[in-house]
Each structure stands twice: as structure tokens, then as C-alpha cells.
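We name chains A, B, ... by the order of the sequence lines, and we start the count at 1 in each one. Remember, predicted model here, so these are calculated numbers, not experimental data.
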Amino acid sequence: MKTKILSVKGARDFYPEQLALRRWLYANMQAAAQQFGYQEYDGPFLETLDLYAAKSGEELVKEQAFVFNDRGGDQITLRPELTPSLARMVAARQGQLPRPIRWWSFGPFWRYERPQKGRSREFFQWNVDLIGAESPAVDAELAAVMVTFFQRLGFTSSEVKIQFNNRRLMDGQIAALGLAEQKKSVFRLIDRRDKMSAEAWNKYAADLGVGAAQLDGLQAMLADRELWRKSDECQAFLDAAEALGIAAYLEYDPTVIRGLDYYTGTVFEARDREGEFRAILGGGRYDNLVGDVGGDRLPGVGFAMGDMVIGLVAQKYGKVPALATSPTQVLVTVFSPASQAESLRLAAELRAAGVRAEWYPEAAKLDRQLKYADATGVRFAAILGPDELAQGVVMLKDLKTRTQAPVSRAQLAAELQARLG
RNA sequence: GUGGCUGUAGCUCAAUGGCAGAGCACUUGACUGUGGCUCAAGGGGUUGCGGGUUCAAGCCCCGUCAGCCACCCCA
């Protein structure tokens, strides 16, 4: 029996069709980020475990990171997220980088999880960050970058939403309930509000040491859709969002808390309005992260969008256009072994004139050659047989309109350019 | 890490414990130089892998691997 080498669990093959989708997402991410003046950068795929140790979520590092010892015995991590690398890079050149820093990136990340819908072990992530400015208006700008991206894909505010909350606001509320000591566990508790039954959630709260009165207060708080009014930052954030023209996409949600430990202020997460898919993106403000990796305190805000969920949502909502996988503009057919050289010459002429030309590498039946062009989505075929050669022309066939006409060989490239627009 | 479902042709899936099939795709022809339709013929399988029960296993049992889905966590 043939041995079949399997791919690594949770790693995806990108056939041209899938790569076309990824590149389409990338092009729109690039366009949205650049429209706001963000510069592209990237960090290393390998980092030391120390970088993540105290900064990200505990589970993210301990349970989900790919960690291995290198030959020198150091603990190396395949990056599970980019923000710590960003903070490290900024801290390393803190004195030289002009601020504010507006940077974006798109690349691969790894997390050791059970693959399922919208989640794999190797995935791509778009990161957009602004470092060196503290105003809530800056948080609104990040939301505007998200909205610009959504709009480029064709999503309206009735199809996707950006939910936001504020960690400082929640800190204050939790402290007022006398729960400041258990802040981390209470955040986790809030995060699970929608995922558990009321009884299970109440029991979970009691196990954390939340008293009956405190639990009532917590529930009232989580039901309060107007809670944001108690936060100057939220007010300023919404005012700026209004000015940026993106308010329709925003929705305040007191249960949005985000899992990562380093968030300090605004947090956001985007979802499809029907709530069918997991979060499209997540992010927030992290004012202490640069300081935590050895720099001076420098405020920052950013978000990350994985490639899988947005791909699923875009397909579900019919936003993905027909994406060409073949770059070929014209297929040059080969009639017989004797005329092959002439077909090669014609293809070379077309390429020299700037036309992307492909030839059929054997003198198969024309039927087969056209079927190939059809299957790969090539629009034009240049048919070169004995009749055409005798008359110094090429039969130019448009597979889309199913029409054909002889074109003089000298004018073929120009004719193609004109028809291709 | 926990739980559920599913593994049969390239793809999507049938088959009461009793001869492994269909549709699509592919090849050839109808059509000697023309792709979307039609018709005909044809090729293609250790039923994921290993063991067990049985006269007989794709089907039942055990194990294992893989995929999908949910939980956990998160993009």
C-alpha cells in the first residue's frame, strides 16, 4: 500500500483557489490600513517564551503555544499573537521611532488547539496598532479602520457590528461591588455570561466567592446597556466615532471583556449581526505593555483579525467576488508537432508586448485545449493552425462571448490589450 | 484537555450481516480544427488502519488514526 503522508493537524493547504481568497482579504486589509496612514511591518515568527510569560492570557501561553527547546536549550515559541512582539520592537527603538506609531501586519500564527469551524492551529492574522497616543479618539480611529475594511468587502452596519466596552469602567464598577481583589476571575466570569446557563453561572460566581448582593449588582451591571454613560472615555470614544461616521457599526456591550490580560481601557470585538460565527476580530487598549517588556510606559491600542472567521462570514454573506486563479490572459494553442515552434514564437511575441500568455504543451485535440482554457478561466485563445499560418493571421477566440475572428499576427497583441481593457 | 458525530471511487453520497453501487468529474466516440448542452461506451475500490465475533463483515465489537462539530480558550 502506498504510504500517505498526512499534513500536520490544523495546518491548511492553500490551493490557488484558497490563496486567491487570502490574497483578496490581504489586499483589502492593506488598502484599509494604508488609507489611515499605517505602515506595514512584521515581527519574527519565533520568539522566546519569556516574551509572553506574564503578558498574554495564562492559557494562551501555557496551554496553547507551540513551545520547543532549541539545540542550545532555550525555550522557543512559535508566535501565538503579535502584540508582545510589537511592544518589544517598539521598546527596543523607543527613542528613535517617530510617534505616534501607526503599524499594520499580516502573517502566520500558531496555537495548539483542537481545530474546528473558524479555528485552526496555523492561521493568518491582520494586526493594526497605534502606539504613542492616549486619546479615546484614537480608539475610535482603530474602529474606523475596521469599518473601512468591512465596507470595502461590502458589509453594511446591519450585517456586522463592533461591540465595545472599557476595562477601566469595568474596574471601577467591580471595585464598587467590593470585588477588586478577584478582578481577573470576575472578568472571566463576565466573559462566560452568554455561554452558561443562569444556574451554572450563578454557581460559578458563588464558587469564586461572589456574595448574593454582589451577584445582584453584577447582573444589574451586565444588563445595563447605558453603562457607558458613566465613563468619560466611552463618551469621548463615541463622540469621535460619530465624527468619523462609523457610529452605526458600534454597539456598547458590558459583557465584552476580552481574554488577554494586558488590556487596560477600550476593548472591542466584531461579530456578524446574526451571531452565527465566533468573533471576527478582537482588540483593545494596552497602556502598560511596552513598559512591561522593558521600555518606558507608552500607551497603545490595536486589534487582530484572523483570516478564517472573516473568510467564512464573507462567504456566508456573499461578499467574495469571483476570484481568478490563473493570471493567463491568452492561451496559445498548438495544432501539430510541426507547428509547435510557431506557437512558441507567437507566445513569446505576446509576452514581449506585455500580454500574459500560456501555451498548451502538446498538440492535443483543439477540443481539449479549449476545455483546459475554460476550466482554468482563461478568457482568450489564440488558435494557430495551417489555415492561419498560410494567411499570416491568428484566430482569436473569446471564450466568454463564444465568438472568434481572424486577427493579423502583427496586431494581435494590441487587439488583446484593447479587449482586456 | 473533555464530549458528540463521521470515515466507501478524484468529489458528493448509497448499499437489511449475503455478488461494492449512483450522480458529478475523468477517458474515448458521435463531431478528421472549436470549450457550457445531449447521447453512447469505458477506466477507476485492499470500504482509513489493526485486531475480534461469524459459514459470511462496508455493516456488529475492541483499539487506533484522521476529519467535522461543540465545550475550554480565542483570531
Side-chain angles (χ1 to χ4, degrees), chain A residues 1-12 25 29 56-65 79-83 105-128 146 188 191-192 194-197 200 204 256-261 267-271 277-284 302-313 331 333-336 339 360 363-389 395-406:
Chain A
M1 166 179 172
K2 262 191 292 185
T3 37
K4 198 164 152 192
I5 310 284
L6 301 167
S7 58
V8 173
K9 187 186 185 80
R12 287 170 293 162
L25 290 172
M29 289 165 177
S56 307
E58 196 128 311
E59 172 142 357
L60 179 59
V61 179
K62 287 189 179 157
E63 312 286 338
Q64 299 182 349
R79 62 180 188 182
E81 60 159 337
L82 187 61
T83 311
S105 185
F106 181 79
F109 295 86
W110 295 266
R111 289 182 195 173
Y112 194 81
E113 299 180 282
R114 286 283 281 269
Q116 58 190 264
K117 196 174 185 184
R119 198 176 70 183
S120 62
R121 288 184 173 181
E122 179 177 65
F123 57 97
F124 284 75
Q125 206 180 59
W126 180 36
N127 279 262
V128 183
M146 301 172 200
R188 176 157 295 193
D191 203 37
R192 293 189 191 171
D194 300 331
K195 297 167 186 167
M196 303 171 76
S197 68
Y204 182 36
V256 168
I257 210 78
R258 305 305 304 157
L260 297 175
D261 294 339
V267 287
F268 21 55
E269 110 185 356
R271 297 183 167 275
F277 299 91
R278 58 180 67 235
I280 297 168
L281 63 83
F303 69 87
M305 178 189 292
D307 67 314
M308 294 191 76
V309 175
I310 186 63
L312 290 169
V313 175
L331 175 77
T333 65
V334 173
F335 181 74
S336 67
S339 71
Y360 199 87
K365 291 179 63 174
L366 191 53
D367 163 279
R368 193 180 177 77
Q369 300 189 40
L370 290 174
K371 209 165 179 181
Y372 168 76
D374 196 42
T376 52
V378 174
R379 170 91 186 263
F380 294 99
I383 299 167
L384 195 60
D387 300 348
E388 287 80 11
L389 280 170
M395 189 60 79
L396 179 61
K397 183 177 178 74
D398 183 334
L399 280 85
K400 193 171 164 190
T401 62
R402 301 176 70 78
T403 57
Q404 63 179 24

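Across B/A22 and B/U34, the matching P atoms stand 31 Å from one another, rounded to whole Å.
In terms of polar N and O atoms assigned as donor or acceptor, the side chain of A/Gln404 never comes within less than 3.5 Å of the base of B/G33 in a complementary pairing.
Residue pairs that meet the salt bridge (Lys or Arg N to Asp or Glu O under 4.0 Å) test with at least one member in residues 377-386 of chain A, sequence neighbours left out, are A/Arg379-A/Asp398. For the salt bridge (Lys or Arg N to Asp or Glu O under 4.0 Å) condition, no pair includes a residue of residues 364-378 of chain A, sequence neighbours left out.
Under the side-chain contact (heavy atoms from CB on, under 4.5 Å) criterion, A/Asp387 pairs with A/Gln391, not counting sequence neighbours. Shown here are the salt bridge (Lys or Arg N to Asp or Glu O under 4.0 Å) partners of A/Arg278, two or more places apart in sequence or in another chain: there are none. By the side-chain contact (heavy atoms from CB on, under 4.5 Å) test, A/Glu113 pairs with A/Gln64, A/Arg111, A/Arg119, sequence neighbours left out. For A/Phe268, there are no ring pair (Phe, Tyr, Trp, His ring centres under 6.0 Å) partners, not counting sequence neighbours. Legend: residues meeting side-chain contact (heavy atoms from CB on, under 4.5 Å) with A/Ala373, ordered by chain and number and at least two apart, are A/Leu331, A/Val378, A/Leu399. Here A/Met395 pairs with A/Ile383, A/Glu388, A/Gln404, A/Pro406 under the side-chain contact (heavy atoms from CB on, under 4.5 Å) rule; sequence neighbours left out.
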Can you give me the N/O atom pairs linking the protein to nucleotides 28-31 of chain B at distances under 3.5 Å, or say none if there are none?
| residue | atom | partner | partner atom | Å |
| --- | --- | --- | --- | --- |
| B/G29 | OP2 | A/Lys365 | NZ | 3.3 |

Tabulate atom names and distances for all N/O pairs under 3.5 angstrom spanning the protein and nucleotides 36-38 of chain B.
| residue | atom | partner | partner atom | Å |
| --- | --- | --- | --- | --- |
| B/G36 | N7 | A/Arg402 | NE | 2.8 |
| B/G36 | N7 | A/Arg402 | NH1 | 2.0 |
| B/G36 | N7 | A/Arg402 | NH2 | 3.2 |

Between the protein and nucleotides 3-5 of chain B, are there any N/O to N/O pairs under 3.5 Å, and if so, what are the atom names and distances?
| residue | atom | partner | partner atom | Å |
| --- | --- | --- | --- | --- |
| B/G3 | O6 | A/Arg114 | NH2 | 2.9 |

Given Watson-Crick and G-U pairs under 3.5 Å, RNA chain B in dot-bracket ([ ] crossing, | other strand) is (((((((..((((....[..)))).(((((.......))))).....(((((..]....))))))))))))....

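Within 4.0 Å (heavy atoms only), A/Lys397 reaches at least one base atom of the nucleic acid.
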